[in-house]
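Heavy atoms only: backbone and side chains are in, while hydrogens, waters and symmetry mates are out. Bear in mind the structure is a predicted one, so any value in this text is a computation, not a measurement. Counting begins at 1 with the first residue of the sequence.
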Amino acid sequence: MAWSLRGRVQLGGLLLSLLGWVCSCVTTILPQWKTLNLELNEMETWIMGLWEACVNQEEVGTVCKAFESFLSLPQELQVSRILMVASHGLGLLGLLLSGCGSECFQFHRIQFKKQLCLLGGSLEASASATTLFPVSWVAYATVRDFWDDSIPEIVPRWEFGDALYLGWAAGTFLAFGGLVLIFSVCLGKEDVPSPWTAHPTAPPSCTLPEEFDGSFHLTPRPTSLLI
């Protein structure tokens with residue numbers, strides 16, 4: 001089946017959005033939002049996420065404990081929980097709407113396909129914002145606390161975890177996917193004939209003119225027109 005240029009662009013936007021949505025879900029689950037290495041015990045590493053805190057020891061392994069209270073979390077982690085969950089909902093809804101409005105899936109009964117694709121791309125862009133904002137806020141709070149002069153130097157400092165980099169990548173994929181879907185609405189549709197629906201067009205019928213024998217005939221006018 002031959003696709004038009006708009007269909008290929010929409011497929012690329014859907015794949016980028018799907019990749020960003022999966023990375024965003026993984027970022028929310030991972031506990032490596034912050035890492036802490038103790039100088040007194042280099043064999044022990046602390047990690048903190050949105051849902052639990054873990055300690056990694058070479059002899060014992062990794063032991064995790066979920067946070068008992070939502071209100072006991074720092075403000076950036078509280079807001080990050082809410083925004084990341086909202087990002088998953090917006091991204092999934094955007095994928096469904098964009099899929100129904102794209103030319104990749106031939107739902108002939110669905111009208112307003114351009115509007116559905118435009119709305120889906122806008123939701124993907126919103127999901128990108130709700131992913132990049134909490135990740136960047138946690139990164140800012142980590143840098144602020146790391147260079148805080150009021151904290152004694154002997155106190156260990158939290159650093160960036162791998163989940164933050166994955167969250168930035170997820171937000172970027174969602175942003176590019178949403179923009180590609182929005183841009184695809186502006187593209188013109190190329191009419192590609194399908195071998196299943198194409199009908200052979202008959203050539204125009206040509207009639208030979210009658211031969212002129214040099215004589216002409218008088219046609220009597222209707223009597224109704226003479227009155």
query = Looking at Ser80 and Leu50, what are the two nearest heavy atoms and their distance?
reply = CB-CD2, 3.7 Å
message = Ser128: which residues meet the side chain to side chain contact (heavy atoms under 4.5 Å, CB included) condition with it, sequence neighbours left out?
response = Leu132, Leu174, Ala175
ask   = So, the side chain of Trp51 versus the backbone of Pro31: is there a donor-acceptor pair under 3.5 Å, distance only?
value = no
Between CG on residue Leu16 and CH2 on residue Trp21, distance to nearest 0.5 Å = 16.0 Å
Polar side-chain atom of Arg157 near backbone of Val155 as donor-acceptor pair, under 3.5 Å = yes
inquiry  = Could you work out, with side chain to side chain contact (heavy atoms under 4.5 Å, CB included) as the rule, every residue matching Ser122, not counting sequence neighbours?
reply    = Ile182
key: Which residues share a side chain to side chain contact (heavy atoms under 4.5 Å, CB included) with Ser98, sequence neighbours left out   = Leu14, Leu181
task = Among residues two or more places apart or on two chains, list those pairs meeting salt bridge (charged side-chain N to carboxylate O under 4.0 Å, His left out) that have a residue in residues 121-150.
result = none
Minimal non-hydrogen separation, Leu90 against Ser126, with atom names = CD1-CB, 4.1 Å
key: Linked, directly or transitively: Leu19 and Ile29 (ILVMFWY side chains, under 4.5 Å)   = no
ask   = Of Trp33, Tyr165, Phe146, which is the lone residue that meets side-chain contact (heavy atoms from CB on, under 4.5 Å) with Phe160?
value = Tyr165
query = Which atoms form the tightest heavy-atom contact between Gln10 and Ser184, and what is the distance?
reply = CG-OG, 3.2 Å
inquiry  = To check you understand the geometry: which heavy-atom pair defines the closest contact between Leu97 and Leu119, and what is its length?
reply    = CD1-CD2, 3.6 Å
query = Would a hydrophobic clustering, with Ile, Leu, Val, Met, Phe, Trp and Tyr connected at side-chain separations under 4.5 Å, put Leu77 with Ile47?
reply = no
request  = May I ask whether Trp147 and Ile151 are part of the same hydrophobic cluster, defined by side-chain heavy atoms of I, L, V, M, F, W, Y residues being less than 4.5 angstrom apart, directly or through others?
outcome  = no
ask   = Does the side chain of Leu164 reach to within under 4.5 Å of the side chain of Val138, using non-hydrogen atoms?
value = yes
Heavy-atom closest pair, residues Ala163 and Leu30 = CB-CB, 4.1 Å
key: Option from Thr28, Thr131, Thr27 for which side chain to side chain donor-acceptor pair (under 3.5 Å) with Ser87 holds   = Thr131
message = Once side chain to side chain contact (heavy atoms under 4.5 Å, CB included) is applied, do any residues pair with Ala169, and if so which ones, sequence neighbours excluded?
response = Phe173
query = Between CG of Leu92 and SG of Cys25, what distance do you get to the nearest 0.5 Å?
reply = 8.5 Å
ask   = For residues 166-175, which residue pairs qualify under side chain to side chain donor-acceptor pair (under 3.5 Å), counting only residues two or more places apart or in two chains?
value = Ser136-Trp168
message = Within this structure, what is the SG-CZ distance for the pair Cys186 and Arg6, rounded to the nearest 0.5 Å?
response = 9.0 Å
Side-chain cluster (under 4.5 Å, hydrophobic types only) that Phe133 belongs to, other residues = Val79, Leu83, Trp137, Tyr140
Distance-only donor-acceptor pairs under 3.5 Å for side chains of residues 61-76, two or more places apart:
from	atom 1	to	atom 2	distance (Å)
Thr62	OG1	Asn56	OD1	3.3
Ser69	OG	Leu71	N	3.3
Ser72	OG	Ser69	O	2.7

